[in-house]
There are 2 protein chains.
Amino acid sequence: MPKSTPPEADSRRLQMADIARLAGVSTSTVSRALAGSKLISEETRTRVMELARSLKYNINIGAQNLRMKQNRTVGVVVPYDPDTRQHLSDPFFLSMLGSLADALTEQGFDMLVSRVDASELDAAAAPFDTGRVIGIVLIGQWRHHDQLNQLAARHVPIVVWGAQLPQQLYCTVGGDNLAGGELAGAHLLAQGRKRIAFFGDINLPEIGQRYEGLCNALAKAGITPDPALLVPASFVPDGGRLAVEELQRRGVVFDAVFAGSDLMAMTAINTFRQLGVDVPGRVAVIGYDDIELSSYFHPPLTTVQQPVREAGRALVASLLELTEGRPAPSLKLPTQLIVRSSSV
Amino acid sequence: MPKSTPPEADSRRLQMADIARLAGVSTSTVSRALAGSKLISEETRTRVMELARSLKYNINIGAQNLRMKQNRTVGVVVPYDPDTRQHLSDPFFLSMLGSLADALTEQGFDMLVSRVDASELDAAAAPFDTGRVIGIVLIGQWRHHDQLNQLAARHVPIVVWGAQLPQQLYCTVGGDNLAGGELAGAHLLAQGRKRIAFFGDINLPEIGQRYEGLCNALAKAGITPDPALLVPASFVPDGGRLAVEELQRRGVVFDAVFAGSDLMAMTAINTFRQLGVDVPGRVAVIGYDDIELSSYFHPPLTTVQQPVREAGRALVASLLELTEGRPAPSLKLPTQLIVRSSSV
DNA sequence: CTGAAAGCGCTAACAA
DNA sequence: TTGTTAGCGCTTTCAG
């Protein structure tokens, strides 16, 4: 185990006391000057600031935080699900990370990123428990509703990207999965498709709501969902391929696929191509997320767009509410159907 | 500006002194017990530990760090280039982030992620200067060689993902771009292609070396590179399309494209498709990076794989060397040609 | 084996 | 306007 301290051998790090000595004042004066306090005379203030700048002195934030009992870091944790293996490599999650980085930077906060094994989700609170961050944004609700509730009950300031569930103690920000699913369903129905297969694990709250949305759309068209068309695909790399094969094995008739994620839709389309099934001719396919590559795909993928930009901002805003002791209501962000060639 | 302190109104955070009082010992004893010191009797140690666990007490790392002058956080900074606009949304960079997260977690380090405007790159050192991190991993060398040299000269422990350059004071870890370029060129030549266009800004060190590799391959085949085949595409979202259009405008003959990134290759292929140009029939296309979606693309993309997994580990390993005062030689990681359908 | 006391680098009363 | 002093939450001599 390597030590983690730089060798202060040669040039010890500059401290406030050094600046004070060099400026011929007390550390309090330096502290005040650097903080822009009005208690300090214009003259000394600029003198101290100049000195500090020319010496490239920087305040030690750790010490400052300790003294002021403050902190401007938020934790972003990405649960790593041992089953599905979806982790920090999923394009959608990664884009959420980027969006969060932007939103936090904008607000002057630092971002401490960690991965945690989803099966021990309380570990997600570690950065908070140890005082490193003022709160946690968790990307990926999975099926850990209960563990998340426990965290919230422990008063860990946490906001989760995911679906709003009944009996929920924690704050969620998420896309409107129900509406998104319905949008997708309605679009497919409008194209004359009636046998719509759904790929995804409906035990995951978000996926479940997307499926429910699809069912709503079907209901409005007077169609009863056929359980044979529901394939419990997971987020494994080739989930789409497996789902298509399962569908074939079942020998069920279908003319459209609504996949729980873009990645799944893409692998499904590739599998169809290998099988000589024309997309969208024989089967219309629609994905979910609108990751960047969806538009580059062939055929360009019709999909439901998640509001990633807004998501980052909203997650941060809600977390800040929580850390200030105000309640943060869960939020449902609007989604949008992006029609491209894979479904028309 | 929101305040960033949680309301300690109700339940003040537990401290060591609380545990000490409850256990009827001194804080020193608690400190030692929790640290697993052998100076403490088996009995008190377990008693204290039990108590701490049952009360869910956690050591305040900030205070601990201050006192011990240590730190187990490393900064990962992603420069945001105002020109090319490539930032935290590029799939390759994002996957590097993931890989770093893994490598750091493995070593028990936390990861502080920040974005900085590449035009003020010294800001990259801020987390180090303020004592928040023990060193910096910078993803994206761009053309900021000089600024990076300055950071290194200031003794900021920093390792950069990118190309090794002459007169370089900082440590780089990167793929072997020269070999990668040559691999790609040789492959294309082996397919009988002789007029190979290159898409990318060769002023960027990594891209430049890839082009140089291509030229080496051409030279070995006795072919002189044609400047008309070099298109200075950038990383803008549809760089590939623009490059193809430029090529057409030039009216130059070509039978292959080597793109500086997979994204560029993909948009190029899409453009070719729209123009009715068969890939790989009329034009073979090869990308660079091997991002996850390359294999899902149609046609599946031939590309040069960057060793992302190893990269994360290597970057972290080198940084730790630096922080311990040891020199860290720059590293060139082997790359690999992944042949898929877009080129054969 | 345990406790008292000093101090990490900084800020904030309180005095001057 | 400035300095003195105490102390943020922890670890570690140094004594017992």
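Quick note on labels: first sequence line is chain A, next is B, and so on, each numbered from 1.
- Sequence order on DNA chain D of the closest nucleotides to A:Leu66 and A:Ser26 puts A:Ser26 first from the 5' end.
- One end of the helix from C:dC1-D:dG16 to C:dA16-D:dT1 points its axis 40° away from the other end's axis, with each axis taken from 5 pairs and the angle rounded to 10°.
- Scanning residues 43-59 of chain B for heavy-atom distances under 4.0 Å to DNA chain D yields B:Tyr57, B:Ile59.
- For the pair B:Lys38 NZ and C:dC1 P, the computed distance is 10 Å after rounding to whole Å.
- Here A:Arg45 pairs with A:Glu42 in a salt bridge; the nearest charged N to carboxylate O distance falls below 4.0 Å.
- No donor-acceptor distance shorter than 3.5 angstrom exists from the side chain of A:Asp110 to the backbone of B:Leu112, with no hydrogens or angles considered.
- Here the range on DNA chain D touched by chain A, meaning any atom under 4.0 Å from one of its heavy atoms, is D:dT1 to D:dG9.
- Taking the ring-ring contact (aromatic ring centres under 6.0 Å, His included) definition, one finds that B:His145 meets it with B:Tyr170, sequence neighbours left out.
- In terms of position on DNA chain D, the residue among B:Thr29 and A:Glu42 whose nearest nucleotide sits closer to the 5' end is A:Glu42.
- With rounding to the nearest 0.5 angstrom, the CD atom of A:Gln107 is 9.5 Å from the CZ atom of A:Arg313.
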Which protein N or O atoms sit under 3.5 Å from an N or O of nucleotides 12-15 of chain C?
unit_1	atom_1	unit_2	atom_2	d
C:dA12	O4'	A:Arg67	NH2	3.2
C:dA12	N6	A:Ser28	OG	3.2
C:dA13	N6	A:Arg32	NH2	2.5

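- At least one side-chain heavy atom of A:Ile59 sits less than 4.5 Å from a side-chain heavy atom of A:Met16.
- The side chain to side chain donor-acceptor pair (under 3.5 Å) test applied to A:Gln64 returns no partner, not counting sequence neighbours.
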